[in-house]
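All heavy atoms count here, side chains included; hydrogens, waters and symmetry mates do not.
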Amino acid sequence: MNLNCSLWQDNSMSVKHFAFAKFSEVTEQCFLLFTLILLMFLASLTGNALIALAIWTNPVLHTPMYFFLANLSLLEIGYTCSVIPKMLRSLVSEARGISREGCATQMFFFTLFAISECCLLAAMAFDRYMAICSPLHYATRMSRGVCVHLAMISWGVGCIVGLGQTNYIFSLDFCGPCEIDHFFCDLPPILALACGDTSHNEAAVFVVAILCISSPFLLIIASYGRILAAVLIMPSPEGRRKALSTCSSHLLVVTLFYGSGSVTYLRPKASHSPGVDKLLALFYTVVTSMLNPIIYSLRNKEVKTALQRTLGKKKF
């Protein structure tokens, strides 16, 4: 649908309002998608909130691994809340518009939570490396102060990158069209609306994506390479099984998050397609956030016990 942007421009002829494209012209399809996404959104919020609450209220879980897991749950809540509510509204109403300032705000928070999660997953891998490869020094090297600093660095990097990227993108002029071919203000679809040649801007965004996605991922790979080497020389089969079980949940979450993120932001521009980009975005904004609490709770007896106590039930 082509929108008339003339009413949404000031004297500088720069677009001041945008509108998200419709998912489908068929009302029934939009309603079905609304229902599915709403259910996944509620499941994600409930699961992540319960895990964070269970960890904070159970002293037995006040360890580095669960401290990082609680932070991950808070990031997932912010991650989904920055995108999904506006998308749900756009699915069932004609109110699909968003101001330039609102779009910039959404981009900032989405980038903040996404980059912070990249860094936090690397910190969680380092924690597992220290626990398995250096158990005698684990308590001192992964003290509460160290864990708090690692979490603060993760959130801080996300905030800095979010501010920098958002300011960089919205310093451009947008001459129209004003329809965003996506369901939230992500970097590539917004850049596509900017005036003139944006190749330098796209290159800068790509470099930042390389640094913020690939660098933490390489740290994770290095940590798990050392972990695997240490596990293989363990004399006890029970010790190997416990070590691998402890790491498997984190590895699965890393695979889901980095896999979908890398395909979205690191593949060549020529291979981008709006339909595929929307499906990938739905996966890493809704599906992975919903699956993370399930992955950690199903494979971790301590988390299940804490959730049981939090919910006040005999069985979970």
Side-chain angles (χ1 to χ4, degrees), residues 42-80 113 116-117 119-155 220 223-224 226-228 230-231 234-257 288-316:
L42 294 176
S44 173
L45 285 183
T46 304
N48 284 295
L50 282 175
I51 284 184
L53 181 63
I55 290 171
W56 294 125
T57 57
N58 287 271
V60 71
L61 297 184
H62 290 178
T63 63
M65 182 174 73
Y66 295 113
F67 170 77
F68 290 128
L69 179 55
N71 273 271
L72 180 65
S73 294
L74 294 177
L75 283 172
E76 294 286 6
I77 291 171
Y79 193 62
T80 53
F113 293 124
S116 297
E117 185 164 339
C119 297
L120 190 71
L121 288 173
M124 294 172 76
F126 177 72
D127 170 66
R128 291 300 83 210
Y129 160 73
M130 292 301 301
I132 294 171
C133 299
S134 186
L136 297 179
H137 302 97
Y138 179 68
T140 54
R141 293 182 180 176
M142 292 302 293
S143 64
R144 181 174 179 81
V146 171
C147 293
V148 170
H149 278 98
L150 287 174
M152 289 175 64
I153 289 171
S154 299
W155 287 81
I220 293 170
S223 296
Y224 276 105
R226 297 291 299 273
I227 289 171
L228 182 60
V231 168
M234 284 182 178
S236 167
E238 179 63 22
R240 289 196 296 269
R241 185 200 63 79
K242 185 176 180 181
L244 291 174
S245 176
T246 302
C247 297
S248 59
S249 298
H250 182 249
L251 271 174
L252 184 54
V253 169
V254 167
T255 302
L256 291 172
F257 183 78
T288 57
S289 297
M290 178 190 68
L291 290 178
N292 287 356
I294 298 172
I295 292 168
Y296 279 108
S297 62
L298 287 180
R299 300 186 62 85
N300 193 304
K301 292 181 180 179
E302 291 177 324
V303 172
K304 284 194 281 190
T305 302
L307 285 171
Q308 174 185 329
R309 292 173 180 169
T310 302
L311 294 172
K313 295 180 179 180
K314 293 183 179 180
K315 291 184 179 181
F316 175 70

### Task
Mind listing the closest non-hydrogen atom pair of Ala43 and Met290 along with its distance?
CB-CG, 3.9 Å

### Message
Once rounded to the nearest 0.5 Å, what's the spacing between atom CD1 of Ile220 and atom CE of Met124?
### Response
9.5 Å

## Note on the structure
Between the CG atom in Leu61 and the CG atom in Leu69, the distance rounded to the nearest 0.5 Å is 9.0 Å

### Pairwise distance CD1(Ile55) to CG(Leu50) - rounded to 0.5 angstrom
11.0 Å

### Summary
Applying side-chain contact (heavy atoms from CB on, under 4.5 Å) to Ser73 and not counting sequence neighbours gives Asn48, Ile51, Ala52

### Query
Shortest non-hydrogen contact from Asn58 to Ala54?
ND2-O, 2.6 Å

### Query
What is the minimum heavy-atom distance between Cys133 and Arg226, and which atoms define it?
SG-O, 3.6 Å

#### Entry: Between CZ on residue Phe126 and OH on residue Tyr224, distance to nearest 0.5 Å
13.0 Å

#### Entry: Qualifying residues under side-chain contact (heavy atoms from CB on, under 4.5 Å), relative to Ser134, sequence neighbours excluded
Met130, His137, Arg141

### Summary
Heavy atoms of Ile77 and Thr80 approach each other most closely as O-OG1, 3.1 Å

### Task
Search all heavy atoms of Asn71 against all heavy atoms of Ala151 and return the closest pair with its distance.
OD1-CB, 4.1 Å

### Message
Quick check for you: to the nearest 0.5 Å, what is the distance between Leu72 atom CG and Ser116 atom OG?
### Response
11.0 Å

### Task
Step through the shown structure and confirm whether more than 12 heavy atoms of other residues, nucleotides or ligands are within 6.0 Å of NE2 on His149.
no

### Message
How close do Tyr138 and Arg128 get, counting heavy atoms only, and between which atoms?
### Response
OH-NH2, 3.5 Å

### Query
How many angstroms lie between CD in Glu117 and CG in Leu75, if you round to the nearest 0.5 Å?
6.0 Å

### Query
Any side-chain heavy atom of Leu120 within less than 4.5 Å of one from Trp155?
no

### Task
List for me each residue that meets side-chain contact (heavy atoms from CB on, under 4.5 Å) alongside Ala123, sequence neighbours excluded, and say none if there are none.
Phe68, Leu150

